[in-house]
2 protein chains.
Amino acid sequence: MAARDYGQFGGLSRALELVGERWALLIVRDLLVGPRRYGELAAGLPRIPTNILATRLKELQAAGVLRRAPHSRVIVYELTPYGRELEPVVLALGAWGFHALGDPRDEQVITPDSMTMDLRTAFRPEIAAGLPPTGYGMRLGEAGLLIRVEGDAVAVTRGDGPADLSFTAGPGIHRLLAGELAPERALASGVVEVLSGPRDLLGRFAHTFHLAA
Amino acid sequence: MAARDYGQFGGLSRALELVGERWALLIVRDLLVGPRRYGELAAGLPRIPTNILATRLKELQAAGVLRRAPHSRVIVYELTPYGRELEPVVLALGAWGFHALGDPRDEQVITPDSMTMDLRTAFRPEIAAGLPPTGYGMRLGEAGLLIRVEGDAVAVTRGDGPADLSFTAGPGIHRLLAGELAPERALASGVVEVLSGPRDLLGRFAHTFHLAA
DNA sequence: CCGCATCCCATGTGATACTG
DNA sequence: CAGTATCACATGGGATGCGG
């Protein structure tokens, strides 16, 4: 459990000692979306062994990145203020990895929390500021995401509800965000299926959430 | 050698599959300073086992992060354009880890490349833009760094040479950059020893290179 | 000597089972 | 549900070997 040490005294090596272990930043990513219970974290990281999750949570707690907090009878894990300062790191790394995504493999899943952070990564406030407030409903297999864009801010929450445009998103949705797939082609190929609302609102969505190379 | 997979399809998990292995980002950090030979990388990462270094270099090459390039008879490793896009990530992670640095342990070393990136992390262009061009010479044990600040840009190179202010930096130099140690106290405590130039130029240095909390 | 490859052992990881 | 225990295995660490 002793944080494995790189033998160097510097900002990056210290950071990697704290959050550089396998799975650690993925846990942080999910907690950036909101506090989560142990079981919710395990569900959001389907392939993490439960003992590793337990170990990481203890390490990250010792590092001051997260804390266990009682929340109406149950215990949740939540980021400390210091842990929340990892948000720019997670967004920057996510943006970088986005461009190497390639094609999704069958075994790979898209969890609501990972999609939430990918949306935050791709969000362009300068663009959004010039658009009217819009609500999108994205269906992601079992889960639903509600995406509210208002001014230069975005809020992504879990659940279903009324939206200006509701659509299901397949794995290819990332190609839409990357600009590799035009909205019309996304609709034509079935990557996106509109459930309700005007189809051309998908263009506004793609314009608002776009990861420039 | 098969990149260990997180079973998720998202920007962050992809990034961690490419550069999330142990030592990988430290290699990238050193290559952000400039192309390096195998032996130079090994010297800059004193505790990396040589087989791990060889393995990482191959993995990072396969990931498109770096390439082997012949450079006047010898082979050097250099970042690809895609690899260079990791600079914001390295700077952000470095800034985050900086605030958890604590006190240096005896076994911990400060390498020229790690100090170079820490200086880039702490550099404040807005501040520098209002100051006259200045050259600093930082002595770091065996090695010397030449730091040129001009306009809103900084350039750090290895070596010795004339400078407006030359000084030796002990491990506590990071506390100066973090703003925990005032320049006068750094001089009084011997963390910094001026070799040449007016002592009060250290104030300008600390103002230019400062990591706000 | 530099640039790795090989070997061996300690440790971390992963899958599963199990307990309060 | 929220973890802990166990064990096989992969990876990391350190020393050493070796060809160009």
Side-chain angles (χ1 to χ4, degrees), chain A residues 1-8 13 16-28 30-31 34-63 66-78 107-109, chain B residues 1-8 13 16-28 30-31 35-63 66-78 105 107-109:
Chain A
M1 179 120 23
R4 252 143 97 227
D5 168 354
Y6 286 100
Q8 301 201 345
S13 49
L16 292 176
E17 287 165 6
L18 296 180
V19 296
E21 304 286 308
R22 201 164 154 71
W23 295 104
L25 274 181
L26 290 176
I27 295 171
V28 170
D30 285 8
L31 291 181
R36 292 283 180 268
R37 301 172 53 169
Y38 186 92
E40 294 173 322
L41 287 171
L45 278 1
R47 304 214 358 190
I48 194 175
T50 172
N51 57 339
I52 300 293
L53 177 56
T55 303
R56 287 293 170 275
L57 288 173
K58 272 183 282 194
E59 290 168 351
L60 290 172
Q61 190 179 4
L66 56 81
R67 72 166 76 97
R68 304 179 61 184
H71 180 260
S72 67
R73 298 299 291 174
V74 299
I75 285 187
V76 296
Y77 294 89
E78 62 180 20
E107 56 184 84
Q108 291 186 313
V109 299
Chain B
M1 181 127 16
R4 254 142 95 225
D5 171 353
Y6 286 101
Q8 302 203 345
S13 48
L16 293 175
E17 286 165 8
L18 296 180
V19 296
E21 304 287 308
R22 201 163 154 73
W23 294 105
L25 274 182
L26 291 176
I27 294 172
V28 170
D30 285 8
L31 290 181
R36 292 282 181 268
R37 300 174 53 170
Y38 186 93
E40 294 173 322
L41 287 171
L45 278 359
R47 304 216 355 193
I48 194 175
T50 171
N51 57 340
I52 299 295
L53 176 56
T55 303
R56 287 293 169 275
L57 288 173
K58 272 183 282 194
E59 290 169 351
L60 291 172
Q61 190 179 4
L66 56 80
R67 73 166 76 98
R68 305 179 59 185
H71 181 259
S72 66
R73 299 298 292 173
V74 299
I75 285 186
V76 295
Y77 294 89
E78 63 180 17
R105 299 216 308 281
E107 57 184 83
Q108 291 186 314
V109 299

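These figures come from a predicted structure and were not determined experimentally.
R4(B) has its CZ atom 16 Å from the P atom of dC9(D), to the nearest Å. Atom-to-atom, CG of L45(B) to C1' of dG13(D) comes out at 14 Å; the value is rounded to the nearest Å. Summarising the geometry, the separation between CZ on R36(B) and P on dC4(C) is reported as 16 Å, rounded to the nearest angstrom. L26(B) places its CG atom 16 Å from the C1' atom of dG13(D), with the value rounded to the nearest Å. With rounding to whole Å, I75(B) atom CD1 is found 9 Å from dG3(C) atom C1'. The interatomic distance linking I48(A) (CD1) with dG12(C) (C1') rounds to 13 Å, in whole Å. Atom C1' of nucleotide dC2(C) and atom CZ of R73(B) are separated by 15 Å, given to the nearest angstrom. When rounded to the nearest whole Å, the span between CG of L57(A) and P of dT13(C) equals 14 Å.
Here the nucleotide nearest the side chain of T50(B), chosen from dA15(D), dA17(C), dG12(C), is dA15(D). You'll find that the side chain of I52(A) is closest to dT13(C), out of dG12(D), dA5(C), dT13(C). Ranking dA15(D), dA5(D), dT11(D) by closeness to the N51(A) side chain, first place goes to dA5(D).
In terms of phosphate contacts, R68(B) brings no side-chain nitrogen or oxygen within less than 4.0 Å of OP1 or OP2 of dG3(C). Proximity of W23(B) to the phosphate of dG13(D): a side-chain N or O atom is located under 4.0 Å from OP1 or OP2. The shortest distance between the side-chain N/O atoms of R37(A) and the OP1/OP2 oxygens of dC1(D) is not below 4.0 Å. For the pair K58(B) and dG3(C), the criterion of a side-chain N or O lying under 4.0 Å from OP1 or OP2 is not met. At dT13(C), none of the side-chain N or O atoms of R47(A) fall inside 4.0 Å of OP1 or OP2 (strictly under the cut-off).
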Stepwise side-chain contact (heavy atoms from CB on, under 4.5 Å) test for R47(A) and Y6(B): CA-CA 7 Å; R47(A) 304 214 358 190; Y6(B) 286 101; over 6 Å; no

Audit row: D5(B), E107(A), side-chain contact (heavy atoms from CB on, under 4.5 Å) steps and yes/no: CA-CA 10 Å; D5(B) 171 353; E107(A) 56 184 84; 3.5 Å; yes

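Heavy-atom nearest nucleotides on DNA chain D were determined for Y6(A) and for V74(A), and the one closer to the 5' end corresponds to V74(A). Map Y77(B) and R22(A) each onto its nearest nucleotide of DNA chain C; the residue landing nearer the 5' end is Y77(B).
Looking only at side-chain heavy atoms (C-beta outward), Y38(B) and L57(B) come within less than 4.5 Å of each other.
The minimum heavy-atom distance linking V76(B) with P35(B) is given by the pair CG2-CB, 4.1 Å.
A side-chain hydrogen bond (donor to acceptor under 3.5 Å, both in side chains) with E78(A) is found for exactly one of R67(A), R36(A), R68(A), H71(A), namely R67(A).
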